[in-house]
Every structure is written in C-alpha cells, then in structure tokens.
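Only a predicted model underlies this, so the values are computations on that prediction, with no experimental measurement involved. Order of the sequence lines sets the chain letters (A, B, ...), proteins ahead of strands, with each chain counted from 1.
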2 protein chains.
Amino acid sequence: MSVTIKDVANRANVSPSTVSRVISNNSRISDATKERVRAAMAELNYQPNLIARSLTNKSTKTLGLLLPGSKADLLLNPFFVQAMRGISSYAKEKGYYILFTHADNDEDEVEVLSNLVGSQWVDGIILTTVKDNDKSIAFLQYRKHPFVVIGKPDDEKITYWVDNDNIKAMYDVVDLLIKKGKKNIGFIGGSHEFKVTKYRLLGYLKALKINNIKADLNLIYEKDYTEEAAYEATKEMIEYQTPDAIVTTDDLIAFGVQRALLEQGIEDVSLVGFNNTVISQYKKPSISSVDINAEKLGMFAAKLLINQIEDTPMETNNYIIDTKLIERDSTK
Amino acid sequence: MSVTIKDVANRANVSPSTVSRVISNNSRISDATKERVRAAMAELNYQPNLIARSLTNKSTKTLGLLLPGSKADLLLNPFFVQAMRGISSYAKEKGYYILFTHADNDEDEVEVLSNLVGSQWVDGIILTTVKDNDKSIAFLQYRKHPFVVIGKPDDEKITYWVDNDNIKAMYDVVDLLIKKGKKNIGFIGGSHEFKVTKYRLLGYLKALKINNIKADLNLIYEKDYTEEAAYEATKEMIEYQTPDAIVTTDDLIAFGVQRALLEQGIEDVSLVGFNNTVISQYKKPSISSVDINAEKLGMFAAKLLINQIEDTPMETNNYIIDTKLIERDSTK
DNA sequence: GTGAAAGCGCTAACAC
DNA sequence: GTGTTAGCGCTTTCAC
C-alpha cells in the first residue's frame, strides 16, 4: 500500500486538509505546522496520487498528442519526431505529461479523439497535421475541448495554431531560383488534401507572377506524399518538357524527382526539398532543402495549448515559425 | 458538465451499479435492462470517466515510456522511433495508452521514474536502454513496479526484457567477413557503458577465436556514440595498421569510419554498421548494416509488460528478436 | 490557522 | 438480477 495524505496527516498530527494546504502552499498555514507536515512527508516518502488529484481538480496535467494515421512513414518522417521533442521539452518544463497516441487510418482519427476527450484523460490535444475541411478540428471545436494544431487551419482566427509561413518559404525559394536565371520551374507537391501543399503552391505561383512568368499547368503536380508518386510525376513532366528547376514540398518527393532525373541522365535541373532531412545532404548531388524548424513548432504548439488550458492571457492565437533554405549542390 | 454514470442510471431507471455492471458486461444482468441501459448510454452519449475508474481500480491502463536523457540525437536515432511505433501499436490493440516522457540527463532519470511511479500515473514502464549497473532498473526493482527493458539486463532471470542476440548478430557478421577472406578486422563501438556495446564486442571476439585469429587490442575501440568519435578512432587505428574490415555497433559510428577512410583514400576496407538506418543505403559506397527489427522489439516489450501487469501466465520473461544483415556495397 | 465533511465518478461487497 | 453503501485519495467549502 502506498502512503496517502492521511498517513502524513496522522504522522504530523494534523488533518488531511492541512496537509493538502501545505502541498498547495496555502498561505494561512503557520510556518510551524508547515515544517512539521513537510518533515512527515519526507519521512514517509509521500508522493501525491495524481489520479486522485485529477479527479477532484478535473485536470490531468496531461496533453494528448495525436499522430496521423495512414501514412506508413509517419514516424520515419523526421518532422514528427523533432516536433515531439519540442513538445516534450516544453511540456515537461511546465509540469505536463504527454500522452502519445496514433490513429490507424483517417476514419479512426475522430474515434481516437473522441475517446481521448470523452474519457477526460487529457486537458488538451495537439494535432500534427491539418487537412482541408479537417474532421478532427471540427470535432474538437464542437466538443469545445482545448487543442492546438501544427499547420494553418481554415479558421485561422479562432483555432490556436503554429505554422511556418509556407507561402513565403516557397516564394523565397522560387524567387531565388528565378534570380539565378531559372525560367521553367516545375512544382511537385504532396496531396492537395494537406493544407501545407496548398500554401506552398500559392507561394510558388506568387513568385512566378511577380517575376512575370506565366504558370504552366503542365509543370504542376500534386500527388501522393511518396517517393514513388514523385518519380512518376517527374517522368510525366519531362515527357512534356524538361524544366530547369523543380521545387517540391517534401524531401521525400525530392528524392523521387532526383531518381527520375538521374535515370534520364538529366543533370542541370535545380532541385529543392522541404524539411531538411538528414538524408538530403547525403544524396548525390546533395539536395537543397528548407529547414522548417520542427522542434520550435512543437515547443510553441505546447506553449499555446498550455496557455489556453491555464487561461493565461495571450496576445495571439498563433505563432509563425521561421524557415531557412539550406543550400546544397542541387541548386549550385 | 459531462454526463456521468448517474445520469445514465436515472435515464434508464436503474441504479448506478447496474450501469457499471452493464459497462463491464457483467453476466447476471437481464437482457432487458441491458438493452435499456445501453439505449440510455447512447442517447446521452455517455463515455466513462477513465480518471474516476482508474482511481477505484488502481489501474490507469497507461504505460510509461521513458526515453533516455543526455543523448542529443535521442529522437534522431531511428531505433527509438521504430520501437515506439511497435509499442504504440500493441498497446493500442490492448487498450493501453502510452505516456511518453524523457529525462534531461542521466541523473534526472531516476527522478523522472520516481515521479511517474509515485504519482501512480502508469501501470508499468518501458525502459529503452540498459546500462551496466543500471540505476533505473535498480529503482524499479526496489519499488516493485512492473517494467520491461529493451536490452539485456544484468539479472536476466528476474527482469523482463527483450533484445536481439547481440553476441550472435556480431558473431555472424565477423564470421562472414572472415569467410570472405578478411583477416585483420577492426572493431569500433560506442561507450562500454551500454550493454549493447559489450555484447557486440563479445560476438566479435568469439568469431575471431573460433576462426583462430588473435584479437589485437590496437584494433579495438570503444568511444562515444558519435560520428566524430568514430572518425577520430579510425584515424588512430589506421596510423597503427590499416585493417581489411571494420565492424561497428551503430550506423552513426560507421559513418564516421567511412569519412575517415575516404579522407585517407582507403577504399578496400569492408564496413558494417548496425540499425540499418535509411541513410546507410544512400552513402557512397552504401553501407551494409544489421537490421535489429526495432519495431518488433517494441511490440514484444509492450507484450511482456502488459502480460505482467495483467498477471497473464507467461512461459518466459524475455524475447529474443531476430536480426538480419543487409548487405550493401561496403562489404561487396 | 486548522478540522470536519462532502464530493469528484466510478466499482464492488453486501444485501435482498 | 438489482439496489444500497462505502470507499478509492484528494481538494475545498464551511465552520470554529
């Protein structure tokens, strides 16, 4: 049997409520008893039962982290891992635990959330992707459960979120390529279903427009988030016309593009990925990539969520995290 | 206010205990009332409060996953990520949540564990590394708290654990190299502090012995788990003598070795890593590596732990997970 | 400044 | 079969 607040109370010759007050550092307790209680706690090696505390407080000091279903490469994508690290660090600092869970597929996601929320197991939830018309966001909004998403949601005014400025990030990349003399720039993105694809496409289009280059729909592809889909898209694109640069929305996609290019013996096409994965620097040629600062995204997500849970006044409902193009041989 | 068991009871005109019985599918409840209660639950959209349930049951159906401190590359090492995936899948299937936490450094680790255990927040704990004279294991043993470790512990009879057969895995690698005609084989491992280093070194020594090759201490290094340390070790080793093969205990180490070799213009030294990271296949030349099946390690760790928690009779206190050498250009 | 008592939502022993 | 009751360990009114 573990030691409870009652045991401490007995030992210190006070009532349980007094012990509770000492724990929460309540002011109107005399220093003398405070000392006595603390001593008793130390002697008995008392540790509060957080479950019991959670039940009374209706707060578990736990954040739910939902990783998306379906994507087999989920945990292989360093983005999630780095984000988790940021979340975990900040949460720990603030005394929160992280409940880690994953959906088996897209349909499963709301189900998982419903259990998490309904069971009252977590004070808030962190979503790691945003889709068009996101069912999970809709659900959490409906349930009025605190949450934050990594990615810019539809209703950017209401929802709490953190994201990079994806339009600008891609704009800068394309603009740079144009300044370097590239004129026919292809775009290969992941599924349009993901917001991030959309915003990066917008940045691409914007850069073309400002530089008076007409967008060519035959140079724009939005397929799956896989190396294979990107490989196929590239082959198709090349059949129509070989661009002098290709920008992508993910390193994984860039890998597929590079494979297709090399196979065709094409060498002078610039290439840019996103997420700055470790592998991109080991490719031949090494691939330039945009570092999205995932750990910082995670940290600030945790921050927004915890502030929200604790009703800390906030000046904003979102944070924009800076990005940085890491140039390598593929854009030299 | 969320709906409680009482609300359901009122609605169905039964007592709370009856509702509770329906939830746990207790046998001696008439089908009629069962139906009525179920209907009420559905209408009210009732979801049990797991915190309350945990308090009475003294079980949270949550597993604590502790990731080690200090190592900055913690989450970058795909081993942990893959293991997490295996753990998470199995746990979910069995209705358990995963509480994810990390220590900031080695001293912090017992502290974190103590809080986790003392707060009664988790039913069991998964440790992801084992050290010589492991403080965390000692602590959990002392507290008699269910736990399982990934890695072979000192007291392999008592503790529950999963691991690869690291002696055999390395033995097979070295034996294969010898069969291929290599005679001077170097060993570069991570810190001796980690059990895994020790076992792999044993496998290395065993293979040499069986093949009547005398071990040469100048060809054996145990340093940090970093690319840099491996790079330095290799340079030192070469100064003494260039081996015709080098085996390592981690891909990261193999990368450092390869860098040193390439810099010296040495090309005919076979090289083998461990963990079969994605990067190893993209290196030039691609690096052969032992796949340790981390996801399976995680799955079986979860299995052992949950069985232990639920007092399911078990025929064993450990599982040995198979490994597989993935041959690439570095051993061709 | 401190204690008594009620209550958080659930389960389980004990009645009937 | 079903209801009554006590209790899990804590916090928090409300007394004094």
Does B/Ser20 make a side-chain N or O approach to OP1 or OP2 of C/dT11 shorter than 4.0 Å?
yes
Can you sort out the partners of A/Asn307 under side chain to side chain donor-acceptor pair (under 3.5 Å), two or more places apart, ordered by chain and number?
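Partners of A/Asn307 by the side chain to side chain donor-acceptor pair (under 3.5 Å) criterion come out as none, since no residue qualifies.
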With DNA chain D as reference, determine whether B/Ile29 or A/Asn49 sits nearer its 5' end, using the nearest nucleotide of each.
B/Ile29
Using a 3.5 Å distance criterion without hydrogens, assess whether the side chain of B/Ser114 forms a donor-acceptor pair with backbone atoms of B/Val110.
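No; zero donor-acceptor contacts below 3.5 Å.
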Stepwise side-chain contact (heavy atoms from CB on, under 4.5 Å) test for B/Ile321 and B/Phe300:
CA-CA 9 Å; B/Ile321 308 300; B/Phe300 280 84; 3.8 Å; yes
At 4.0 Å (heavy atoms only), tell me whether A/Ser30 reaches a base, stays on the sugar-phosphate, or touches nothing.
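The residue A/Ser30 makes sugar-phosphate contact but no base contact.
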Which part of the nucleic acid, if any, lies within reach of A/Ser54 when heavy atoms closer than 4.0 Å are counted: base, sugar-phosphate only, or nothing?
nothing
Is any side-chain heavy atom of [X] closer than 4.5 Å to a side-chain heavy atom of [Y]?
X        : Y        : answer
B/Trp161 : B/Asn317 : yes
A/Glu156 : A/Asn318 : no
A/Thr128 : A/Leu66  : no

Residue [X], side-chain heavy atoms: nucleotide from [options] that is nearest:
X       : options              : value
A/Thr18 : D/dG3, C/dG3, C/dT11 : C/dG3
B/Ala52 : C/dG9, C/dT11, C/dT2 : C/dG9
B/Leu55 : D/dC10, D/dC8, C/dT2 : D/dC8
A/Thr33 : D/dC8, D/dC10, C/dT2 : C/dT2

Rounding to a whole Å, what distance do you find between [X]:[atom1] and [N]:[atom2]?
X       : N      : atom1 : atom2 : value
A/Asn26 : D/dT13 : CG    : P     : 11 Å
A/Ile5  : C/dG7  : CD1   : P     : 19 Å
A/Arg28 : C/dG3  : CZ    : C1'   : 12 Å
B/Ile51 : D/dC10 : CD1   : C1'   : 13 Å
B/Lys6  : D/dT4  : NZ    : C1'   : 13 Å
A/Asn13 : C/dG3  : CG    : C1'   : 13 Å
B/Asn57 : D/dG9  : CG    : P     : 13 Å
A/Lys58 : D/dC10 : NZ    : P     : 17 Å

Which residue pairs pass the salt bridge (Lys or Arg N to Asp or Glu O under 4.0 Å) test when at least one of the two sits in residues 4-30 of chain A, sequence neighbours left out?
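Qualifying pairs, neighbours excluded: A/Arg11-A/Glu43.
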Counterpart residues, salt bridge (charged side-chain N to carboxylate O under 4.0 Å, His left out), relative to B/Asp108 (two or more places apart):
A/Lys92
Given side chain to side chain donor-acceptor pair (under 3.5 Å), test A/Tyr90 with A/Glu295 step by step and report yes or no.
CA-CA 10 Å; A/Tyr90 189 85; A/Glu295 190 164 345; over 6 Å; no
Salt bridge (charged side-chain N to carboxylate O under 4.0 Å, His left out) for B/Asp163 and B/Lys195? Distances and angles first, verdict last.
CA-CA 11 Å; B/Asp163 202 359; B/Lys195 286 279 179 195; over 6 Å; no
Contacting residues from residues 34-48 of chain B, given that a heavy atom lies under 4.0 angstrom of DNA chain C
B/Tyr46, B/Pro48
May I ask you to verify whether the side chain of B/Arg53 and the base of C/dT11 hold a donor-acceptor pair under 3.5 Å?
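Checked by distance alone, the answer is no.
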When rounded to the nearest 0.5 angstrom, what distance separates CG in A/Leu305 from CG in A/Asp123?
8.5 Å
For the helix from C/dG1-D/dC16 to C/dC16-D/dG1, what angle lies between the axis at the first five pairs and the axis at the last five pairs, to 10 degrees?
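It works out to 40° between the end axes.
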Check step by step if side-chain contact (heavy atoms from CB on, under 4.5 Å) holds for A/Glu193 and A/Asp134.
CA-CA 10 Å; A/Glu193 180 188 24; A/Asp134 197 295; over 6 Å; no
Any N/O pairs under 3.5 Å between the protein and nucleotides 4-6 of chain C? List them or say none.
| unit_1 | atom_1 | unit_2 | atom_2 | d |
| --- | --- | --- | --- | --- |
| C/dA4 | N6 | A/Ser17 | OG | 3.3 |

